[in-house]
Amino acid sequence: MALDKIGIAKRIAQEVQDGMYINLGIGIPTLVANYIPDALDVVLQSENGLLGIGQFPTEEEVDADLINAGKQTITMRDGSVLFDSSESFAMIRGGHVDLTILGAMEVSENGDISNWKIPGKMVKGMGGAMDLVASAKNIIVAMQHTSRSGESKLLKECSLPITGLKCVRKIITNLAVLEVQEGGGFKLLERAPGVTVEEIKEATEGKLIVEGDIPEMKID
Amino acid sequence: MINKVVKNASEAVKDIPENAVLMLGGFGLCGIPENSIQALLETKVKGLTCISNNAGVDDFGIGLLLKTHQVKKMISSYVGENAEFERQLLSGELDVELIPQGTLAERVRAGGAGIPAFYTPAGFGTEVAEGKETREFDGKMYLLEKGLVADFALVKAWKGDTAGNLIFKGTARNFNPMMAAAGKITIAEVEELVPAGELNPNEIHTPGIYVQRIFEGKNYEKRIEQRTVRS
């Protein structure tokens, strides 16, 4: 069965390693924070100027001056630090953030990503996405494998305006875990529980590389 | 010490002329100059170019100035959450330039710091790169982006003193410090205004040299866009 959003978030949480500084995008990436094992000590960066996002506040703790990049109210954990936007992007651009997790509308087989604009339909802007994808060392994309109408979002070439070129390394979808290969192509690493390789092939327009037996994801 | 205190927001913004280029601090509705925006609604000045990370929501922040058609052009990184904005954009009433958030922050920082331009990798290979000079450094491609300055910068701080020194709170700092430096005339509104000497110099974020006018704001609403609580 294909994963739901929480399943995708749980699988991405398995990619997190102790001691990482992590930037989480809006949507499924934000959910990942809920599933990072307590034993791991990681610091979440919020691009609007905070290292050390804590849990959501209680009613009494709500502070309008403390929000995340999705404009949600948050708290700060011990050891947090606040800074301005240019400092925040110096961290991002300077390659100091270890892991970036973000959503996408399309990814191409050479690692290009589109996630900021649908011409004529949606003009919201790129926010920090272009800065993140241009400089992050390690980008994981969280997305649905296909659109609502069933069309593949893992393509030979992106059809929507590009956010960044050759930057995505790993993609975790409702169907599979895939790695973008140096020379192009999505290498299939894992299948969602009960999903067959055939189903993943069917849902992937770009070049899919399948080598040997593909294990199922392990999700609690 | 030079006294920079003005009576209120109306006094502070009264000479902002038509077609002025403004910078407005804030991320979403967090740390926005609420009082100065309200005062601009009252002066009804038109043709404004607003440089601000976001464009407010339909009935708050810069959204209020869009509704009254006082804004000619927005320079922002993210403008979701605003239906009137989207309508004016699609109908061609409003000119919009979208800039990656880190590039916007650095362009403002550079402008205030006297740096005319710099190279950044953000946006290479995208629409953002159209018409811009590109250059390779150590095998990676970069865009040349220019520093930004404004006729007036409208910023919001938590505390300030009569010398214009500012301290911000939480994530309400965001674009405010860089914009303070990049405004030819910077108007700071603060929640608490104290005499020079009362703020600890070790804790000041924005030095008063960047601030030309300061006043204590009133009736801060500090609207929250996504009130999220744990149970």
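First the proteins, then the strands, lettered A, B, ... as listed; each starts at 1.
The environment of B/Ile209 atom CD1 is sparse: at most 12 non-hydrogen atoms of other residues, nucleotides or ligands sit within 6.0 angstrom.
Listed in order of number, the residues of residues 22-29 of chain B that approach chain A to under 4.5 Å between heavy atoms are B/Phe27, B/Gly28.
Residue contact with chain B, scored on non-hydrogen atoms closer than 4.5 Å, involves the backbone and the side chain of A/Ala69 alike. Neither the backbone nor the side chain of B/Val96 comes within contact range of chain A, judged by heavy atoms closer than 4.5 Å. Looking at A/Ile92, neither its backbone nor its side chain comes within 4.5 Å of chain B, counting heavy atoms on both sides.
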Can you pull out the donor-acceptor contacts between chain B and chain A, under 3.5 Å, including backbone atoms?
residue: B/Ser77; atom: O; partner: A/Met126; partner atom: N; Å: 3.1
residue: B/Ser77; atom: O; partner: A/Gly127; partner atom: N; Å: 2.9
residue: B/Val79; atom: N; partner: A/Lys124; partner atom: O; Å: 2.6
residue: B/Gln101; atom: N; partner: A/Gly127; partner atom: O; Å: 2.8
residue: B/Gln101; atom: N; partner: A/Asp131; partner atom: OD2; Å: 3.2
residue: B/Gln101; atom: NE2; partner: A/Glu47; partner atom: OE2; Å: 3.3
residue: B/Gly102; atom: N; partner: A/Asp131; partner atom: OD1; Å: 3.2
residue: B/Gly102; atom: N; partner: A/Asp131; partner atom: OD2; Å: 2.9
residue: B/Gly102; atom: O; partner: A/Arg93; partner atom: NH2; Å: 2.9
residue: B/Thr103; atom: N; partner: A/Asp131; partner atom: OD1; Å: 3.1
residue: B/Thr120; atom: OG1; partner: A/Arg93; partner atom: NE; Å: 3.4
residue: B/Glu127; atom: OE1; partner: A/Lys117; partner atom: NZ; Å: 2.9
residue: B/Lys140; atom: NZ; partner: A/Ala134; partner atom: O; Å: 2.6
residue: B/Lys169; atom: NZ; partner: A/Asp63; partner atom: OD1; Å: 3.1
residue: B/Lys169; atom: NZ; partner: A/Asp63; partner atom: OD2; Å: 3.2
residue: B/Lys169; atom: NZ; partner: A/Asp65; partner atom: OD2; Å: 2.9
residue: B/Thr171; atom: N; partner: A/Asp65; partner atom: O; Å: 2.8
residue: B/Thr171; atom: OG1; partner: A/Asp65; partner atom: O; Å: 3.2
residue: B/Thr171; atom: OG1; partner: A/Ile67; partner atom: N; Å: 3.0
residue: B/Arg173; atom: NH2; partner: A/Leu82; partner atom: O; Å: 3.4
residue: B/Asn174; atom: O; partner: A/Ser85; partner atom: N; Å: 3.0
residue: B/Asn174; atom: O; partner: A/Ser85; partner atom: OG; Å: 3.4
residue: B/Lys222; atom: NZ; partner: A/Asp65; partner atom: OD2; Å: 2.5
residue: B/Gln226; atom: N; partner: A/Lys71; partner atom: O; Å: 3.3
residue: B/Gln226; atom: O; partner: A/Thr73; partner atom: N; Å: 3.2
residue: B/Thr228; atom: N; partner: A/Thr73; partner atom: OG1; Å: 2.8
residue: B/Thr228; atom: O; partner: A/Thr73; partner atom: OG1; Å: 2.7
residue: B/Arg230; atom: N; partner: A/Pro57; partner atom: O; Å: 2.9
residue: B/Arg230; atom: NH1; partner: A/Phe56; partner atom: O; Å: 2.6
residue: B/Arg230; atom: NH1; partner: A/Glu61; partner atom: OE1; Å: 3.2

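Your options are A/Ala129, A/Gly128, A/Gly49, and the one with the most heavy-atom pairs under 4.5 Å with chain B is A/Gly128. Across A/Leu50, A/Ile67, A/Val62, the residue that shares the most heavy-atom pairs under 4.5 angstrom with chain B is A/Ile67.
Taking all atoms of both residues into account, the shortest heavy-atom contact from B/Gly170 to A/Leu66 is CA-CD1, 4.1 Å. The two residues A/Ala64 and B/Ile224 come nearest to each other via the heavy atoms CB-CG1, 3.7 Å.
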